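Given the structure is predicted, the values throughout are model-derived calculations rather than measurements.
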Amino acid sequence: MAYNYHIATVSSSLFFLLLLTSSSMAALVQQPPLVLKYHNGALLKGTVTVNLIWYGKFTAVQRSVIVDFLQSLTSPKPAPQPSVASWWKTTAKYKGGAGASAVVVGKQFLDESYSLGKSLKNPQIVYLAAKGGRSGGAVNVVLTAEDVAVEGFCMSRCGSHGSSRGAAPGGRFAYAWVGNSGRQCPGYCAWPFHQPQYGPQTPPLVAPNGDVGVDGMVINLATVLAGAVTNPFNSGYFQGPAAAPLEAVSACTGVFGSGAYPGYAGSVLTDKTSGAGYNAHGVNGRKYLLPAMWDPQTSKCSTLV
């Protein structure tokens, strides 16, 4: 079976490379504006349905953390500020359509029997993603459990997004994948909720939903979803080579609050009861930590706090 797809990855590699440079040295260098070039292609605008393919075993609580995050992106009920919805509104500043995409959670598929085994390669991710349909107005997200190995996971990426042949002639559908790193590489894919795999061993933040792996998944899901709507078919916003692009959030790796520098996530909010670090309120009283997103109007990485 032949597959035709492109992949953009989200990893901690850029961040950990930066860890090798001291913040004092970085402060001496005047950084040029960060520019993501628009390549005149289609963006995902309007209503975007996110279909979820849960591969492996997730608890009901773990699934609810992810679903609540997605529902928080465009919730009709305003959440306290700063909010997940206000973070998502930055995508409205990208060209290619009016306003931010309205995210709707669509179909959910549970594959708790590991139908393709516990070691997956890229074509199998695309195969699983296609279970959500091949509609051009959706993003099918494959979420793999903590005991599932995926090609490149924990070595060069924590998640990815891409596109493959759609149902309509000449059409394409967008998909994404994020893995639960809790058991395999929390220091690589769930920082700052775990001590980093490389670099200065600063104390980790407490995960706002009490699950290092799943709270790390939210960070990476936010990253690939922002990339999927602003560069769904490899012709939207990105910097660098198309095969390894820096996108809306991956261009801002390691930044979660003001004053961030390599090894320090930045100034974030602290839950008075649990001591958890967060920067965004969501639905059902949820709190999340979301990465900075590149703002096309300022050409800078924008944080919520």
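Distance check, rounded to the nearest 0.5 Å: CH2 of Trp191 to OH of Tyr198 gives 15.5 Å. Note that the CG atom of Asp215 and the CG atom of Leu289 stand 8.5 Å from one another [nearest 0.5 Å]. Atom CH2 of Trp294 and atom OH of Tyr237 lie 6.5 Å apart (nearest 0.5 Å). Note: Glu112 CD to Trp54 CH2 = 11.0 Å, rounded to the nearest 0.5 Å. Here the CD-CG distance, from Gln239 to Leu36, works out to 6.0 Å after rounding to the nearest 0.5 Å. The distance from the CD atom of Glu151 to the OG atom of Ser160 is 10.0 Å, given to the nearest 0.5 Å.
No continuous path of ILVMFWY side-chain contacts below 4.5 Å connects Val35 to Phe238, so the two sit in separate hydrophobic clusters. A continuous path of hydrophobic side-chain contacts links Val229 to Val218 [ILVMFWY only; heavy atoms under 4.5 Å]. Under a hydrophobic-cluster definition in which Ile, Leu, Val, Met, Phe, Trp and Tyr are linked whenever side-chain heavy atoms come within less than 4.5 Å, directly or via other members, Val104 and Val48 are assigned to different clusters. One hydrophobic cluster, built from ILVMFWY side chains closer than 4.5 Å, holds both Leu128 and Tyr114.
Remark: side-chain polar atoms of Ser101 are paired, donor with acceptor, to backbone N or O of Leu44 under 3.5 angstrom. Proximity of a side-chain donor or acceptor of Asn40 to a complementary backbone N or O of Gly236 within less than 3.5 Å is not detected. Remark: the backbone N or O of Ala129 is paired with a side-chain donor or acceptor of Asn140 at under 3.5 angstrom. Distance alone, capped at 3.5 Å, places no donor-acceptor pair between the Asn284 side chain and the Arg286 backbone. Judged by distance alone, the side chain of Ser64 and the main-chain N or O of Val61 form a donor-acceptor pair under 3.5 Å. Of the possible polar contacts, none joining the Ser181 side chain to the Gly213 backbone as a donor-acceptor pair under 3.5 Å is found. Counting only distance, with no hydrogens or angles, the side chain of Trp87 and the backbone of Pro291 share a donor-acceptor pair below 3.5 Å. Asn180 contributes a side-chain N or O that, together with a main-chain N or O of Gly182, makes up a donor-acceptor pair within less than 3.5 Å. Proximity of a side-chain donor or acceptor of Ser250 to a complementary backbone N or O of Leu246 within less than 3.5 Å is not detected. Looking at His39, its side chain does come within 3.5 Å of a backbone N or O of Lys37 through a donor-acceptor pair.
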List the steps and the verdict of side-chain contact (heavy atoms from CB on, under 4.5 Å) for Tyr94 and Met293. CA-CA 11 Å; Tyr94 289 69; Met293 188 186 305; 4.2 Å; yes
side-chain contact (heavy atoms from CB on, under 4.5 Å) assessment of Asn220 paired with Cys189: CA-CA 8 Å; Asn220 296 317; Cys189 290; 4.1 Å; yes
Using the side-chain contact (heavy atoms from CB on, under 4.5 Å) rule, take Val50 and Leu225 through it: C-alpha gap first, then chi angles, then the decisive distance, then the call. CA-CA 9 Å; Val50 175; Leu225 195 57; 4.2 Å; yes
List the steps and the verdict of side-chain contact (heavy atoms from CB on, under 4.5 Å) for Lys300 and Leu34. CA-CA 6 Å; Lys300 294 180 180 179; Leu34 176 64; over 6 Å; no
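You'll find the side chain of Trp177 stays beyond 4.5 Å of the side chain of Val224, heavy atoms only. By the 4.5 Å heavy-atom criterion applied to side chains, Asn51 and Phe173 are not counted as neighbours. Residues Leu52 and Gln108 meet the side-chain proximity criterion, which asks for heavy atoms closer than 4.5 Å. For the pair Lys95/Leu43, no side-chain contact is recorded, criterion being any heavy-atom separation below 4.5 Å from C-beta on. You'll find the side chain of Val305 reaches within 4.5 Å of the side chain of Leu269, heavy atoms only. Side-chain contact check for Leu290 versus Ile219: every heavy-atom pair is 4.5 Å or farther apart. Taking the side chain as every heavy atom from C-beta outward, Tyr55 and Leu116 approach each other to under 4.5 Å. When side chains are defined from C-beta on, Ile66 does not count as touching Val178, because their heavy atoms never get closer than 4.5 Å.
Using a 30° and 60° split on the angle between ring planes, Tyr288 and Phe69 fall in the perpendicular class, above 60°. Ring-plane geometry between Tyr264 and Tyr261 is classed as tilted, the angle between the planes lying from 30 to 60 degrees on a 0 to 90 degree scale.
Checked against the 6.0 Å centroid criterion, the rings of Tyr175 and His161 do not qualify as a close aromatic pair.
A donor and an acceptor atom, one from each side chain of Asp271 and Ser274, are located under 3.5 Å apart. Remark: the Ser113 side chain and the Asp111 side chain contain an N/O donor-acceptor pair separated by less than 3.5 Å.
For Ser86, the side chain to side chain donor-acceptor pair (under 3.5 Å) partners are Gln81, Ser83, not counting sequence neighbours. Taking the side chain to side chain donor-acceptor pair (under 3.5 Å) definition, one finds that Arg63 meets it with nothing, sequence neighbours left out.
Cys301 has its SG atom within less than 2.5 Å of the SG atom of Cys252.
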